[in-house]
Amino acid sequence: MSDFERIPSRYPVPAIGIVHLGLGAFHRAHQAVYLERNLARHGGGAWGLCSANLRSGRALVETLQASGGRYHVAEYRNQREGVLREIGALREVLYAGDGGADREALLARLADPEVRIVTLTVTEKGYCLSPASGALRRDDPGIVHDLAEPRAPRTAPGLLVEGLRRRRAAGIAPFTVLCCDNMPDNGQRTRQAVMSLAEAQDTHLAAWIATEVAFPCSMVDRIVPAMDEAAFARLRDLGCDDPAAVVGEAFSQWVIEDRFPQGRPDWEHEGVQMVADVRPFETMKLRLLNGSHSLLAYVGSLAGHGTVAEAMADRQLAALVHRYMSREATPTLDMPDGVDLDAYAEALVARFRNDALQHRLRQIAMDGSQKLPQRWLLGAQRLLEQGGDFSCTALGVAAWIHFGEGEGAALDDPLRATLAALPKGMARVDAVLALAEVFPPALAEQAAFREAVQRAHRRIAEAGIGAAIADLTDQGV
Ligand code: NAI
Ligand code: CS2
């Protein structure tokens with residue numbers, strides 16, 4: 001017997017004050033939910049959403065256009081309890097891919113003076129930045145296009161630049177750019193992409209952006225697995241037959257740097273934390289939550305598991321995560337007074353064990369080249385400096401290398417072609433570590449790091465992933 005609180009969306013149609021790029025599952029289950037609750041409390045208001053997909057998800061856009069932007073979010077506390085929330089915050093839904101008509105509508109919306117914030121969840125690869133350095137990848141096909149045709153951009157950075165150019169030309173104040181992707185210093189990385197593109201086309205525009213546009217950082221957190229048929233079936237059991245619905249955990253957190261010159265919703269009342277410096281919260285989450293997620297994704301996949309909850313039910317993997325959290329992530333964090341990292345880690349373990357969510361390891365394994373720097377490698381550099389242990393991180397990197405070799409050309413990663421061309425077997429380790437856009441040379445050239453990854457890779461090849469895990473967990477944690 002399930003016990004779900006049902007919350008309808010009932011308030012006067014709000015004005016559109018925010019444009020979102022990247023209408024994916026997480027946007028629908030996180031930012032849109034905070035805005036829904038804010039709009040409901042205000043009885044409408046100025047912060048309605050125009051949300052757009054730029055390159056995929058046309059069918060979802062058409063589904064939401066047919067429903068007037070309405071869809072449902074199921075927030076699972078456990079298998080039987082939660083909240084089923086109707087979302088009415090999406091006032092406009094656009095598909096700007098394939099050079100469609102919606103791209104001009106999106107650009108017009110970006111130039112609308114009523115729009116004062118642009119948020120993004122376009123995945124780590126959507127910013128066209130080198131994961132290790134944060135520099136714009138000028139060889140990215142989308143960037144090549146946008147440099148040649150800046151008035152008809154395809155990439156998220158290109159759309160931001162053209163929207164800002166139109167506002168400047170019309171004497172309209174800029175919008176604030178709020179990145180909601182899992183990147184370190186995500187506001188500054190977004191700024192880096194925008195500035196690099198703007199400088200290439202108009203130094204006066206670039207100078208205006210540099211002085212007038214705010215790019216606050218944010219830490220975002222809610223586990224939102226990709227939908228599958230089983231998830232839709234469980235929603236139908238709740239009486240919710242909605243092809244645009246998403247599911248997530250009950251937990252949700254949003255920590256935002258409070259820099260919004262053109263104003264923002266008073267979303268603190270919905271639990272958003274407005275702070276001066278997001279970085280400690282962002283690093284904590286990226287290394288403890290996301291670093292553990294990626295460890296489970298690669299080691300757990302090699303061990304034959306399919307979901308996070310299944311992997312955490314494996315005693316050895318749970319012990320590996322505990323060792324990684326306590327010995328390798330936590331020692332690299334500098335937190336403000338009052339933050340209890342042990343309690344945060346314990347809460348993460350409980351969240352990972354939530355079997356109401358079918359969070360597939362393969363989804364987390366996606367785009368590893370874009371994720372590992374902020375989840376493991378920056379921490380490993382810190383551990384090396386302080387003489388710390390990084391055995392779990394080395395095992396994770398070795399497992400990622402084995403996982404990628406096994407996937408071959410089917411690897412879901414922007415560097416799939418580069419990785420597929422690398423040698424197989426032991427020679428692959430040095431070749432992968434030599435990828436400077438993923439592994440900072442300062443780390444890859446450290447013999448202690450390189451040899452630890454080589455040892456772990458060899459152990460997996462010769463004795464199997466179970467033995468490699470046991471080497472670390474049977475030592476006790
Ligand atoms: P999703 O697959 O449902 O949506 C991905 C979105 O990114 C889609 O709108 C897609 O069109 C867009 N996209 C992908 N590649 C792009 C590119 N190169 N340029 C422009 N747009 C691109 O994935 P989901 O769950 O919405 O996650 C998206 C991002 O949200 C993640 O990469 C992460 O940064 C962040 N996030 C996700 C969480 C989750 O549990 N799903 C939790 C916290 C953050
Ligand atoms: C996951 C994240 O897919 C992944 O890489 O680690 O999307 C994770 O679910 C979120 O960051 C949780 O907030």
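Both ligands and their constituent atoms are indexed starting at 1 by order of listing.
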Asp112/Arg109 ion pair, N-O < 4.0 Å: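 Arg109 and Asp112: salt-bridged.
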Residues Arg166, Glu104: salt bridge by 4.0 Å N-O rule: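 Salt bridge present between Arg166 and Glu104.
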Students should be able to answer this: which protein heavy-atom is nearest to [atom], and at what distance?
atom	result
atom 18 (N) of ligand 1	Arg55 NH1, 2.9 Å
atom 2 (C) of ligand 2	Asn290 ND2, 3.6 Å
atom 5 (C) of ligand 1	Thr123 CG2, 3.8 Å
atom 6 (C) of ligand 1	Thr121 O, 3.6 Å
atom 1 (C) of ligand 2	His293 ND1, 3.4 Å
atom 7 (O) of ligand 2	Asn182 ND2, 4.0 Å
atom 39 (C) of ligand 1	Val224 O, 3.7 Å

Interfacing atoms of ligand 2 (cut-off 4.0 Å, heavy-atom, Lys371):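 Counting from 1, the qualifying ligand atoms are 3 (O), 4 (C), 5 (O).
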Atoms in ligand 1 flagged as close to [X], the criterion being non-hydrogen separation under 4.0 Å:
X	result
Val220	44 (C)
Asp181	29 (C), 30 (O), 31 (C), 32 (O), 33 (C), 34 (O), 35 (C)
Gly22	9 (O)
Gly126	17 (C), 18 (N), 19 (N)
Ile223	40 (O)

Would you say the side chains of [X] and [Y] form a donor-acceptor pair under 3.5 Å?
X	Y	value
Asp181	Tyr127	yes
Asn38	Glu270	yes
Thr307	Gln358	no
Gln31	Thr119	no
Ser9	Glu36	yes
Arg323	Thr473	no
Gln201	Arg151	yes

Sub-4.0 Å protein heavy atom next to atom 30 (O) of ligand 1: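 Answer yes: something from the protein, a heavy atom, is under 4.0 Å.
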Heavy atom of protein closer than 4.0 angstrom to atom 23 (O) of ligand 1: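 Not a single protein heavy atom is under 4.0 Å away.
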To which of [options] does the heavy atom nearest [atom] belong?
atom	options	result
atom 42 (C) of ligand 1	Arg222, His359, Lys125	Arg222
atom 21 (N) of ligand 1	Val61, Val122, Leu60	Val122
atom 9 (O) of ligand 1	Asn53, Ile364, Leu54, Leu21	Asn53

Report the part of [X] in contact with ligand 2, treating N, CA, C, O as backbone and CB onward as side chain, heavy atoms under 4.0 Å; options are side chain, backbone, both, neither.
X	value
Lys285	side chain
Asp221	both
Arg375	side chain

Lys/Arg cation over aromatic Phe251: Arg351, 6.0 Å, 45° cone: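 Checked: cation-pi criterion met.
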cation_pi(Arg55, Tyr95) dist<6.0 Å, angle<=45: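 The answer is no; the distance or angle limit is not met.
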Polar atom proximity, [X] to ligand 1 (N or O, under 3.5 Å):
X	value
Leu23	yes
Gln363	no
Asp221	no
Ala25	yes
His27	no
Phe26	yes

Centroid-centroid distance, Tyr298 to His402, less than 6.0 Å: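 No; His402 has its ring centre 6.0 Å or more from that of Tyr298.
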Min heavy-atom dist Ala156 to ligand 1 below 4.0 Å: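 Not so, Ala156 does not reach ligand 1.
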Min heavy-atom dist Ser56 to ligand 1 below 4.0 Å: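 Per 4.0 Å heavy-atom rule, Ser56 contacts ligand 1.
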Minimal non-hydrogen separation, Ser133 against Arg189, with atom names: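 Between these two residues, the closest heavy atoms are C-NH2, 4.4 Å.
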Residue Arg279 excluded, over 12 heavy atoms near CZ under 6.0 Å: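 Count not over threshold, so no.
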Check residues 404-416 and write down every donor-acceptor pair under 3.5 Å in which the side-chain atom is one partner and the other belongs to a residue at least two apart or another chain.
residue: Glu405; atom: OE1; partner: Gly425; partner atom: N; Å: 3.4
residue: Glu405; atom: OE2; partner: Gly425; partner atom: N; Å: 3.3
residue: Glu407; atom: OE1; partner: Arg362; partner atom: NH2; Å: 2.5
residue: Glu407; atom: OE2; partner: Arg362; partner atom: NH1; Å: 3.3
residue: Glu407; atom: OE2; partner: Arg362; partner atom: NH2; Å: 3.2
residue: Asp413; atom: OD1; partner: Ser369; partner atom: OG; Å: 2.6
residue: Asp413; atom: OD1; partner: Leu415; partner atom: N; Å: 2.8
residue: Asp413; atom: OD2; partner: Gly368; partner atom: N; Å: 3.0
residue: Asp413; atom: OD2; partner: Ser369; partner atom: N; Å: 2.8
residue: Asp413; atom: OD2; partner: Ser369; partner atom: OG; Å: 3.2
residue: Arg416; atom: NE; partner: Leu411; partner atom: O; Å: 2.7

Stepwise side-chain hydrogen bond (donor to acceptor under 3.5 Å, both in side chains) check, Thr176 with Arg259: CA-CA 8 Å; Thr176 295; Arg259 248 174 351 109; over 6 Å; no
